[in-house]
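No experiment lies behind these values; they were computed from the predicted model shown. Just so you know, these numbers use all the heavy atoms, side chains as well, and skip hydrogens, waters and symmetry mates. Chain identifiers are assigned alphabetically (A, B, ...) following the order of the sequence lines, protein sequences preceding nucleic acid strands; residue numbering begins at 1 within each chain.
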Amino acid sequence: MERDIEFVKEIASKEKDFSQWYVDVVRKAELADYTSIKGCMVIRPYGYGLWENMQSGLDRRIKETGHKNAYFPLFIPESLLKKEAEHVEGFAPEVAWVTYGGSQKLEERMAVRPTSEAIICSLYSKWVKSWRDLPILLNQWVNIVRWEKVTRLFLRTTEFLWQEGHTAHKTKQEAEEETLKILHQVYRDYIENDLAIPVIVGKKTEKEKFAGALHTYTLEALMTDGKVLQAGTSHNLGQNFAKAFNIKYLDEDQQEKYVWQTSWGTTTRLIGAIVMVHGDERGLKLPPKVAPIQVIIVPIMFDKTKKEVLEKAESIRTILKRDFRVEIDARDEYTPGWKFNEWEMKGVPLRLEIGPKDLASGQVVLARRDSREKMAVKEEKLVETVKELLDKIQVNLLEKAKKFLQENIREVSDYSEFKEVIEKKKGLIKTHWCGNKDCEDKIKEETKASIRCIPFEQEEISGKCIYCGNESSTLVYFARAY
RNA sequence: CGGGGCGUAGCGCAGUUUGGUAAGCGCGCUUGGUUCGGGACCAAGAGGUCGGAGGUUCAAAUCCUCUCGCCCCGACCA
């Protein structure tokens with residue numbers, strides 16, 4: 001079992017070259033591949049299966065909290081996009097424009113949606129007349145185009161998939177509650193429980209907030225290379241868009257009022273997070289709840305016993321299929337050892353080995369991807385054991401990631417120490433910030449670390465700004481980010 | 001978009017300095033056979049015009065120009 005280190009030669013060392021390791025894992029595990037279109041990747045069946053499972057967990061939560069799915073146009077006329085000034089400004093550099101329809105030049109060019117606030121707001125203004133029309137709670141699963149200069153598989157591509165929720169409410173209070181509900185009840189619950197990724201939640205600074213929002217809440221996840229990835233955002237749009245798009249209703253008190261809005265999104269980027277949070281030298285480790293294959297059955301096929309073993313494998317599959325996503329790898333051309341490595345690289349949580357010896361003793365062998373532990377299990381206990389193990393793996397992945405996160409949050413109060421920690425240890429730094437954008441900018445400039453969020457849990461202690469030394473009552477997390 | 005690196009068979013690479021029977025290696029792939037409890041072995045095969053375009057030359061993977069893409073580091077973002 002120790003000599004299998006050599007297998008890893010197919011993927012770069014995670015320790016030595018994290019970026020290359022990431023690309024290797026994504027490609028060798030067949031999650032995605034490059035295409036001949038600049039900045040655009042293809043999500044392969046295995047990766048898309050993962051995305052579908054991720055979608056279903058999140059979609060369920062979105063619906064449970066009262067939202068419905070809809071679909072809005074891909075194209076957004078320039079005039080609409082321009083209505084909210086801060087919003088356009090924020091997205092202008094990365095908008096792809098359609099200027100021709102067939103051979104005819106368009107009167108007005110159209111943006112390929114970089115996000116859908118503009119188009120959706122234009123419709124909300126039609127739909128909302130009375131306080132009885134509110135709230136509007138919609139979500140859509142769509143593709144998005146942002147003309148990025150630098151791309152990385154899943155983390156930043158020209159086209160990507162996401163869900164974006166857009167809601168309109170009567171009161172400021174209600175919109176704020178919605179924003180927080182999405183953050184905690186939907187996103188945090190989903191990311192921690194389904195993806196096994198612990199997050200730090202909080203508010204973005206003015207500098208980092210969404211273009212056009214009142215304020216933005218965020219979920220930040222720590223990757224195992226010490227960099228932080230924004231896992232999702234939930235924006236309180238206030239009345240900025242309502243005013244720009246004229247979304248008004250007649251309230252019970254006979255007054256015409258602007259609605260209060262929110263928007264929120266998560267993307268296929270989360271797939272990258274799963275890779276970078278759970279993966280190891282041997283490849284992917286998928287959380288059981290979203291793994292396209294939860295149990296892979298590898299029959300050990302000796303000539304004389306092949307038939308019986310395959311039959312048994314098939315009957316086991318039939319039993320497990322009722323509760324789990326399970327497949328058999330009965331390919332003749334690969335040896336069991338090859339398959340073990342292959343499926344481990346692809347992150348399948350549990351492997352079930354069945355050979356003549358097992359047949360004779362009425363058992364199978366189960367091997368965990370997370371701990372690489374192997375155990376024999378009696379057939380009659382199989383279903384409950386598999387269930388138990390998958391649950392354990394799910395928990396274990398989260399616990400491990402939590403531990404890593406905790407170990408990599410450091411409280412620092414001295415700027416030179418700050419610089420050293422960011423440079424050498426990476427991870428998150430918890431410290432005080434005076435609230436001044438100049439300090440924020442300078443720190444970013446000098447250390448490449450940005451304020452990831454202002455956590456909700458503000459301790460009662462005051463301190464001094466890490467940069468300027470002025471009194472501060474705001475605790476923040478700094479980190480280098482993807 | 002700035003700095004650096006790289007594009008030769010599906011993947012990983014050699015060949016480029018010194019243009020000329022070097023289109024070559026390993027893995028993978030195909031066929032047949034033996035195998036199968038942690039990346040099996042034997043035999044026989046298929047496959048590239050050297051990222052693309054243009055140029056220099058008797059002759060270009062090799063020299064020149066332009067161009068496209070990818071990776072890394074920065075600025076921007078989910």
Side-chain angles (χ1 to χ4, degrees), chain A residues 1-12 17-24 27-28 33-41 90-95 114-115 144-164 204 207-211 216 218-221 228-235 263-273 282 298-306 309 329-345 351-359 364-365 367 372 374 376 444-445 448 450 480-482:
Chain A
M1 195 174 274
E2 305 317 323
R3 66 162 187 266
D4 50 37
I5 303 155
E6 69 181 79
F7 142 81
V8 183
K9 64 186 177 236
E10 288 208 3
I11 37 187
D17 191 349
F18 191 87
S19 297
Q20 192 56 49
W21 168 85
Y22 174 77
V23 173
D24 286 349
R27 299 186 68 195
K28 302 264 182 196
D33 204 353
Y34 295 110
T35 65
S36 54
I37 303 103
K38 177 182 165 61
C40 295
M41 59 179 230
F91 283 99
E94 36 187 350
V95 171
T115 178
I144 287 293
V145 169
R146 295 185 189 171
W147 219 256
E148 299 287 350
K149 287 156 192 153
V150 178
T151 61
R152 299 195 66 192
L153 294 170
F154 289 117
L155 302 177
R156 191 185 298 107
T157 45
T158 300
E159 181 187 13
F160 60 93
L161 306 182
W162 80 352
Q163 64 57 223
E164 50 178 326
K204 283 290 188 192
K207 175 182 161 77
E208 304 277 339
K209 74 171 189 188
F210 178 73
T216 290
T218 180
L219 304 98
E220 303 283 327
V228 158
L229 184 87
Q230 184 174 302
T233 46
S234 179
H235 317 290
S263 72
W264 27 276
T266 61
T267 77
T268 34
R269 184 179 229 198
L270 284 172
I271 295 174
R282 306 181 63 77
V298 179
I300 311 297
M301 301 182 286
F302 292 92
D303 259 1
K304 286 178 188 152
T305 49
K306 185 173 173 179
V309 166
D329 184 355
R331 289 176 294 179
D332 245 346
E333 62 271 28
Y334 295 111
T335 60
W338 194 95
K339 292 175 186 175
F340 295 170
N341 287 312
E342 172 83 354
W343 292 111
E344 280 174 15
M345 183 169 70
R351 179 178 70 245
L352 190 158
E353 300 171 25
I354 176 146
K357 281 185 251 166
D358 303 306
L359 238 52
V364 300
V365 173
R372 307 204 58 219
K374 255 183 166 184
K444 178 87 189 273
E445 212 178 292
K448 293 172 218 156
S450 55
R480 286 189 182 161
Y482 274 95

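Annotation for W147(A): atom CH2 does not count as buried by contact number, only 12 or fewer foreign heavy atoms lying within 6.0 Å.
Set against G37(B), G74(B), G38(B), the side chain of K374(A) has G38(B) as its closest nucleotide. Checking G37(B), G38(B), C73(B) against every side-chain atom of S19(A), the shortest atom distance belongs to C73(B).
Partners of E94(A) by side-chain contact (heavy atoms from CB on, under 4.5 Å), not counting sequence neighbours, listed by chain and number: F91(A), R146(A), E148(A).
Across all strands, V150(A) comes closer than 4.0 Å to base atoms (heavy-atom distances). Here P336(A) lies in heavy-atom contact (under 4.0 Å) with a base. Among the heavy atoms of the strands, none lies under 4.0 Å from T268(A). Contacts of F91(A) with the nucleic acid, taken as non-hydrogen atoms under 4.0 Å apart, are absent. Residue contacts for V23(A): at a heavy-atom cut-off of 4.0 Å it reaches no nucleic acid atom on any strand shown. Contacts of E94(A) with the nucleic acid, taken as non-hydrogen atoms under 4.0 Å apart, involve only primed sugar atoms and P, OP1 or OP2. Within 4.0 Å (heavy atoms only), G272(A) reaches no atom of the nucleic acid at all. Looking at heavy-atom distances under 4.0 Å, T305(A) makes no contact with the nucleic acid at all.
Base pairing annotation: A44(B) forms a Watson-Crick or G-U wobble pair with U30(B), both donor-acceptor distances under 3.5 Å. When both pairing distances are held under 3.5 Å, C50(B) makes no Watson-Crick or G-U pair with any nucleotide shown. Nucleotide G12(B) forms a pair with C25(B), judged by Watson-Crick or G-U wobble geometry with both contacts under 3.5 Å.
Checked by atom type and distance alone, the side chain of Y482(A) never pairs as donor or acceptor with a backbone atom of R156(A) at under 3.5 Å.
At the phosphate of G74(B), OP1 or OP2 sits under 4.0 Å from a side-chain N or O atom of K448(A).
Judged by the 6.0 Å distance and 45° axis criteria, R351(A) is positioned over the aromatic ring of F340(A).
Atom OH of Y34(A) and atom P of G51(B) are 19 Å apart (whole Å). Put simply, CG on D303(A) is 9 Å from C1' on U34(B), counting in whole angstrom units.
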